[in-house]
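So that the names make sense, note that chain A is the first sequence line, chain B the second, and so on, each numbered from 1.
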Amino acid sequence: MIRACSLTDLPPGESVRVVGPVPVAVFNADGELYAIDDTCTHQDASLSDGWLEGCFVECPLHEACFDLRTGVPTGPPAKRPVRTYPVVVSDGDVYVSVADQTAADNGTAEVA
Amino acid sequence: MKRIAVVGTSLAGLRAAQALREAGYDGALTMVGAEPHQPYDRPPLSKEFLLQGKAEQDGIALAITDDVAALNADWRLGVPATKLDTAAGTVVLADDTDIPTDGVVIATGGHARHLPGPSVAGVHVLRTLDDAIALRQDLQAGPENVVIIGAGFIGSEVAASCRALGLRVTVVEALADPLAPLLGPELAQVCARLHPENGVSVLYGTKVTGLSTVDGRVSGVRLADGRLLPAEVVVVGIGMRPATDWLTGSGLHLDNGVLTDAGCVTPLANVVAAGDVARYWSAEHDAYVRQEHWTNANDQPAVAVANLLAGRTITHYRASGYFWSKQYDAWIQYAGRTAPTDEIRIIDGSPEERKFVATYHRGDRMTGAFAINSPKIFTRTRKQLRANATDRSS
Ligand SMILES: Cc1cc2nc3c(=O)[nH]c(=O)nc-3n(C[C@H](O)[C@H](O)[C@H](O)COP(=O)(O)OP(=O)(O)OC[C@H]3O[C@@H](n4cnc5c(N)ncnc54)[C@H](O)[C@@H]3O)c2cc1C
Ligand code: FES
């Protein structure tokens, strides 16, 4: 588990980049937290610089859109998915489980 | 509609096929492409692809094999279309095959412009994968001098790639300030400075009059002022011309592209055009416009295809006006529709540090955005620009 930030630093619509074994981007999509690889699978853009729209992030360079729930791109120029990571909120801090990269359905956490 | 042919199998053609299937079209789909390759991405060809070991052929494919297969299309690659026979309702291929069709998507993009005269070994254009492979081979042989003709985006990118390969490069440009009409003089200068900062000299306002050769291979570039620049490799980056030759006699309006209405539909309701070849009516510009940018070729097919399937223009295309370029260590991004006289404001960073975002303004309206190495703030500004435009048009 890596601490990403304090929950107050990640309001809805925002994202943070976490430097760990691999760079990870954590998003707050309208209250739902998601973590994916920060590096776009097309080239080297940082997806935490991207544009959040619902539970999709658009790459800031060539507009490939990734589904934050699955990591799967919706169209070119990206072809390969990014990995998704579980996110946990504990005591007001956001943590990402980078060791335990998993399928999407447990890659989200409710901000309650 | 039961049979649709998409002519041109690059970005716009692939996006058209995807849009057709996404819209539920389940009839026959024939993909006609002059190039033998599966759809691939062109922007890397002037950038990473020229550097050894980066962005190999697989890496630049636009879609993985499974996604291509899922389109359930009949691919006719390596054979160009030579005719659109609207009376017979066929697309005719160079091998004389007739493809009967009820609907056509024209996505033939363009061909690189060449220098006048016969082709000379060592002189390259750059439009296709085969062009890039040939150029890469010549660059990797380590020529002593490379001359690039044209300081537009592609010429500038190739200059940067040559520097990354450690080659000596000179760029010759006919205009005094080639990017000023697009970016305005201030930001054009910021881009122009990237070249000398990276050890590339650019001769502005300089015309090329011919080539010198030794044993049939290029040895130099002759300039209007009489100078001869030594060059073992020459790259000609003087633009493209839309690939409309095959449409001569089809009855479509051809004038610097295929003329369409605001929904990418030609005067024939079952023939649409998209991408670099399409010159569509833009109410925003109050003119026909043709764009040569990736995002345009990516976004336009969905509109063209929606109108094709509807049998009439039910939706209009609105360009995002977004493009990027990568030169040396500078990621350049631009969006909008600006005039050279628009007021420019730096909203973040500084041009000296080659990391900034600028916005363009006319009266109380933001008309565009430009950035170097600032994707996050640029993207937010670009989305704002888009939202403003939507508000105005609604
Ligand atoms: C080297 C290079 C770098 C670029 N870099 C950038 C960049 O950084 N940013 C950016 O925004 N844009 C860039 N572009 C522009 C971008 O690649 C184009 O806008 C885009 O490729 C247009 O797609 P298209 O499908 O409309 O046309 P094209 O990509 O031109 O494809 C048309 C296809 O149709 C085929 N064809 C032509 N005639 C026929 C025929 N008669 N029958 C069958 N097939 C035919 C062609 O062979 C080709 O495969 C670059 C372009 C090049 C060449
Ligand atoms: S780097 Fe993300 S789409 Fe190109």
(message) Heavy-atom count check: over 12 atoms from other residues, nucleotides or ligands less than 6.0 Å from A/E14 CD?
(response) yes
(request) Report yes or no: does A/K79 contribute a side-chain atom to a donor-acceptor pair with the main-chain N or O of B/G59 at less than 3.5 Å? (result) yes
(request) Heavy atoms only: give me the nearest A/G13-B/R380 pair and the separation to one decimal. (result) O-NH2, 4.1 Å
(message) Less than 4.5 Å apart, side chain to side chain, heavy atoms only: is that true for B/R382 and A/E63?
(response) yes
(message) So for A/H62, is it side chain, backbone, both, or neither that comes closer than 4.5 Å to the heavy atoms of chain B?
(response) both
(message) Would you say that B/Q333 contacts A/L61 through its side chain, given a criterion of any heavy-atom pair below 4.5 Å between the two side chains?
(response) yes
(message) With heavy-atom distances below 4.5 Å as the criterion, would you say the side chains of A/Q43 and B/K326 are in contact?
(response) no
(message) Does atom CZ (A/R80) have a neighbourhood of more than 12 heavy atoms from anything else shown, all under 6.0 Å?
(response) no
(message) Using a 4.5 angstrom heavy-atom cutoff, name the option from A/S46, A/G50, A/P60, A/A45 with the most pairs to chain B.
(response) A/P60
(message) Please classify the contact of A/S15 with chain B as side chain, backbone, both or neither, using a heavy-atom distance under 4.5 Å.
(response) both
(request) Check each atom of B/Y322 against the heavy atoms of chain A and say whether the ones under 4.5 Å are side chain, backbone, both or neither. (result) side chain
(request) Looking only at non-hydrogen atoms, find the nearest pair between A/P76 and B/L62 and report the distance. (result) CB-O, 3.8 Å
